[in-house]
Amino acid sequence: MLVDEKSYREKVFALVRTIPRGRVMTYGQIAAILGEGYTARTVGYVMHTASADNVPWQRVVNASGGCSTAKFTVPFDLQQKLLEQEGVAFNAKAKCKLDDYLWSPEVAEDDDHPNLFGG
DNA sequence: CTCGTGACGGGGG
DNA sequence: TCCCCCGCCACGA
């Protein structure tokens, strides 16, 4: 690859772009996969610089399965709404079930879930 | 170069 | 189970 020396941010974005519709990843998981130098904190920082045009930022949630963006970055619960449109269900506590929706690029083929994107 | 910030995560009460 | 505190490291002024 000609551009293996991507920016710190580009690596995060590249990974986020691999998250399929109807699935999510957590900041900590992304940091763990990218490895050295990456922490949930920095991944979160990087994500806030992302553009909706370049990255499906909505598919990144915190370790609790909730939307950290709901606090102030975007109007109210936009992220949750976007995810719900993709088939990700949230409970009354505004958390999605990570056991069902968490995406792992390394075990992508192991998915025994139904086609959430079906539509 | 230095200081403070921030879309996080884990442990204890 | 929820809330608070501390540590983590890239970025911007």
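Residue numbers begin at 1 in each chain, while the letters A, B, ... track the order of the sequences. Note that these values count all heavy atoms, side chains included, but never hydrogens, waters or copies made by symmetry.
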A:Val12 vs A:Leu34 side-chain heavy atoms within contact, under 4.5 Å =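 Yes. Closest side-chain heavy atoms under 4.5 Å.
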Any side-chain heavy-atom pair of A:Tyr38 and A:Lys11 under 4.5 Å |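 Yes, close enough: below the 4.5 Å cut-off.
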Provide, to the nearest angstrom, the distance between the [atom1] atom belonging to [X] and the [atom2] atom belonging to [N].
X	N	atom1	atom2	result
A:Ile19	B:dA7	CD1	P	18 Å
A:Asn54	B:dA7	CG	P	19 Å
A:Leu83	B:dA7	CG	C1'	13 Å

Do side-chain atoms of A:Gln79 reach the backbone of A:Gly66 as a donor and acceptor pair under 3.5 angstrom?
->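 Absent.
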Could you write out each protein N or O paired with an N or O of nucleotides 9-13 of chain C at a distance under 3.5 Å?
residue	atom	partner	partner atom	Å
C:dC11	O4'	A:Tyr45	OH	3.3

Protein-nucleotides 1-3 of chain C N/O pairs under 3.5 Å:
none

Heavy-atom closest contact (A:Asn62 atom, A:Leu98 atom, distance) =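 What the structure gives for the nearest pair is O-CD1, 4.2 Å.
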Kindly give the heavy-atom pair with the smallest separation between A:Val55 and A:Phe13, and that separation in Å.
->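 Scanning both residues, the minimum pair turns out to be CG2-CB, 3.5 Å.
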Please identify each residue that fulfils salt bridge (Lys or Arg N to Asp or Glu O under 4.0 Å) with A:Glu10, with sequence neighbours left out.
->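 A:Arg17.
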Calculate, to the nearest 0.5 Å, the distance between atoms CD and CD belonging to A:Glu84 and A:Glu86 respectively.
->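 The CD atom of A:Glu86 is 11.0 Å from CD of A:Glu84, to the nearest 0.5 Å.
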Do A:Tyr8 and A:Thr42 have a side chain donor and acceptor closer than 3.5 Å?
->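 Yes.
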